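These figures come from a predicted structure and were not determined experimentally. Letters A, B, ... are given to chains in the order of the sequence lines, protein chains preceding strands, and every chain is numbered from 1. Computed over heavy atoms, backbone and side chain alike; hydrogens, waters and symmetry mates excluded.
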Amino acid sequence: MLEEMKFIGEFWLLDVAVELEDGNPSIWLWCKDKDGKTYIVKQTYSPSFYIVSDKIRDILENLRSQQLRVEEVDRKIRGRDVKALKVYVNVEDVESAAKKIMKGLRNIEVFEEDIRPSTKYLIENGLKPSGGVRVLGELIEDGVFKIVEAERVEYIPDMISPPLHVLSFDAVYYSKSGSPRPERDPVIIISITTLKGLKIQLVGDEKEILREFIRIIEEEDPDVIVGFSSNRIHWNYLVERARINGLKLTIGRLSSEPHTSIHGHVSIRGRLNIDLEDMARDIPELTVETLEEFVSYLGLQYSFDTVEDWEVAETWEKNPEKIKRYSIQRAEALLKCYEALVDYIFSLSELTGMPADYVLTASTGFRVENYLMYLAVKKNELIPKKPEISHVSYIGGLVKSPKPGLHKDVVVVDFRSMYPSLMIKYNISFDTLSEDGEYISPNNYRFRKEPEGFLPHALKTLISERRRIQEKLKILNPESTEARVLNARQKAVKVISNAVYGYTGWVGARWYTREVAEATTSWGRQVILESMRRAEELGMKVLYSDTDSLFLQDYIGKLESFLKWIEEDLGLEAKIDKIYKRILFTEAKKKYAGITEDSKIDIVGLEAVRGDWSMIAREAQRETVKTLLEKGDVEEALKTSRRYVKKILDGDIELRQLIIWKQITRPLDEYEATQPHIVVARQLIQEGWRIQPGDKVGYIIIRGGGPLYRRVKPYFKVSRDEIDWEYYLDKQVMQACIRILEPLGVKLEELKKTGEVSLTDFL
DNA sequence: TTTAGGCATTCAGAATGAGTCTT
DNA sequence: AAGACTCATTCTGAATGCCT
């Protein structure tokens, strides 16, 4: 049998889809060979689900009598052995098929009918998207695409992606006022660039633009299409405009149109549809999540002639060249971002087993879950459904109040991945949780020592994978492609392993187990408390501590034995994270600023790093902190603050510096309290702008009476003479500055003495 | 389609209370 | 003298975005 199978080749798996062929679901694997040739590997596949019951024999007979294909198999539920029936159904919609079959059966539990067939196919066969596959079967067509009827497909680890053809695009729509609406407003520009160097801008007649766009994509036949907001806006928009113009947006392979798959992700057959906005959204450093911000976050050198949404119509009429330039710049920048990120995206995709475009739209919880599902199948664990319970929150990490003031020579000691380590150390897992467990958490949950739990196993696998990568990295030239790829891979591994603890405490998780999360944090609190005690015993001062970090003073000569104690007595790892020459604490937890030995300034938690404060307040605070930490002199810092106070009094500040950005977090009618940014959002919607949860609204406070929300305007509608300078003085700049100076004994009134300062300077 | 809890902060709006005016 | 009203202050909860 084996000998009869023909070896077709080793490929890189781009995407997977279920397609109906003669009414039967069939798996299509879109693959690339090392030269970039595209293969469609087809394999017949019967989706299945499981039934668990006491009366398994009866059910087996019952189902067989209905001509169903059923197997009796050994599986596990939370570590416990069970007999299960695996029922095959030759349809795409397993859930309704299962429901139909289950009708009339009692006392049964059903598993895995809610998992999409394409996902299940990958998991059961251990195949990873963005990973390698070895294909055995028969080549049945050798045209534009090579089509293979596969008999067997196996995973090959560590395959680096072949050269892919990448195309990026940006589209601009014209709307006289408000956000463009597809039923009304036309496409005016589409800019296209490719990694191969193509650079085209389509302008003029809309129908021609769209026709050309479709033609170019068909002709270029890219493997990857990169866009920004393409899932949320562009694809639907372009499909609709094409329809209105009597066209079909056949930009998918084999002339298919894009279609919305689950939850905001748009699928394009045979290609990866990568929307970098999805990625930007889960980078916490980004506040406004624009392409511009993303580019600069990535450290890329690229400048834009930015045209903001609200000024598109006006600019198009007065200076169309500017918009054209901006659009092509965006398309080019997208390619650069893609190049900077592609290794990470593919690593995350391969690790979690989600296709590269899909993994970006998935939240952390689902990424972890997908990873765990692979392990579950390997360990014969049945994959449970989401629990239908409401969440009860539990106690988390311990935070010790800081000692306020300016301190010298402070070392920060961090536990290395504390929660994962504890989960491994105490075998904390949903399948080891047991009344008679040997490991008893400080809050009295018990976990068995043997056998190794599912989650500890997952974590160990991740950690050893990371070690393996890091070992390999050591012998590589850091500039090499392979090193870059491996580095991205180890980052992805770390992200997933750090999220496992949080996953167990998430109600949306299939393996939600509050006890696991709760026990983990309780052991964490015990560890940090013991460490504080130990540090003090050794003669160090604990200035502050948050969850798994300790800020220690008088550490010279004592740190070594402390770290040794952590390793030997606690069985955990800790490392020196930072050494601060000077560090400032306020009364508040989670806020501080320090200067390291190499004179780098860290600002943590303070207004200067918060996106919901005006730039001017943030800058004033940052500069005050900088002066304070660099010079160690309160008077000097005070002077810096006063400079900013004076700037406000003089009105010597750009309007742009006064914008306050706040996120819309839910549909507007769900808000209970009236707030400035909500008022502005409502106003903008009234004027035809599209504002959805996740969007950020920028406003400026203007003069007038009443509550703040009556004194706000969208930032782009404000003129200088209506600004409420007093607000920016009292509530922004002075608040931000006094936060720093107050712990050092400076009073609020002293900030305002800008006039006298120059006088006393003379004396 | 929300990994977790802990925390500071601002603002709106209700509650409170003192003081003053009206009946 | 009791109640109505005003105004300032205090308290509470909603909302956001940070930290580990």
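- Under the 30°/60° scheme for interplanar angles, the aromatic rings of A:Tyr699 and A:His677 are found to lie parallel.
- Base-pairing analysis of DNA chain B finds the following stems of at least three consecutive Watson-Crick or G-U pairs, with both pairing distances under 3.5 Å: B:4-23 with C:1-20.
- Contact annotation for A:Gly508: no contact, since no heavy-atom pair falls under 4.0 Å across all strands.
- In this structure, A:Glu672 places its CD atom 14 Å from C1' of B:dA14, rounding to the nearest Å.
- A salt bridge is absent between A:Arg534 and A:Glu530: the closest approach of a Lys/Arg side-chain nitrogen to an acidic carboxylate oxygen does not fall below 4.0 angstrom.
- Here B:dT2 presents its P atom at 13 Å from CZ of A:Arg367, a figure rounded to the nearest Å.
- Rounded to whole Å, the distance from CD on A:Gln663 to C1' on B:dT2 is 12 Å.
- Residue contacts for A:Val609: at a heavy-atom cut-off of 4.0 Å it reaches the sugar-phosphate backbone alone, with no base atom in range.
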message: Return a single string for nucleotides 5-11 of chain B, one symbol per nucleotide in 5' to 3' order, where B is base contact, S is sugar-phosphate-only contact and - is none, cutoff 4.0 angstrom on heavy atoms.
response: BBSSSSS

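- In this structure, A:Phe454 has its ring center under 6.0 Å from that of A:Phe430.
- At whole-Å resolution of the value, CG in A:Asp414 and P in C:dC19 are 14 Å apart.
- Every residue was checked against the side chain to side chain donor-acceptor pair (under 3.5 Å) condition with A:Ser393, not counting sequence neighbours, and none meets it.
- Within 4.0 Å (heavy atoms only), A:Val604 reaches sugar-phosphate atoms of the nucleic acid but no base atom.
- Between the side chains of A:Asp15 and A:Tyr358, no donor-acceptor pair is found at a separation under 3.5 Å.
- Checking each of A:Asp357, A:Thr361, A:Asn273 against A:Asn231 for a side-chain hydrogen bond (donor to acceptor under 3.5 Å, both in side chains) leaves exactly one that passes, namely A:Asn273.
- Side chain A:Tyr419 to base B:dT3: no donor-acceptor pair is found below 3.5 Å.
- Aromatic pair A:Trp661/A:Tyr715: ring centres closer than 6.0 Å.
- Ring pair A:Tyr592/A:Phe551: centre-to-centre distance below 6.0 Å.
- Near-neighbour residues of DNA chain C inside residues 512-534 of chain A, defined by a heavy atom below 4.0 Å, are absent.
- Residue A:Lys696 contributes atom NZ, which lies 10 Å from atom C1' of C:dT16 at whole-angstrom precision.
- Applying the side chain to side chain donor-acceptor pair (under 3.5 Å) rule to A:Ser267 yields no partners; only residues at least two apart in sequence or on another chain are considered.
- Scanning atom types as modelled, one donor and one acceptor separated by under 3.5 angstrom connect the side chain of A:Ser363 and the base of B:dT1.
- Residues A:His391 and A:Tyr512 bring a donor and an acceptor atom of their side chains to less than 3.5 Å of each other.
- Contact annotation: A:Arg666 reaches the phosphate of C:dA15 (side-chain N/O to OP1 or OP2, under 4.0 Å).
- Side-chain contact check for A:Gln692 and A:Arg232: at least one donor-acceptor pair (N or O, by modelled atom type) lies under 3.5 Å.
- Counting any heavy atom pair closer than 4.0 Å across all strands shown, A:Tyr592 reaches sugar-phosphate atoms only and no base atom.
- Within the structure, no pair that satisfies the salt bridge (charged side-chain N to carboxylate O under 4.0 Å, His left out) test touches residues 388-398 of chain A, not counting sequence neighbours.
- Atom CG in A:Leu668 sits about 12 Å away from atom P in C:dA15, given to the nearest Å.
- The nearest whole Å value for the distance from the CG atom in A:Asp612 to the P atom in C:dA14 is 19 Å.
- Rounding to whole angstrom units, CD of residue A:Glu670 and P of C:dT16 are separated by 11 Å.
- In this structure, A:Ala509 reaches neither bases nor backbone, as no heavy-atom distance under 4.0 Å exists between it and the strands shown.
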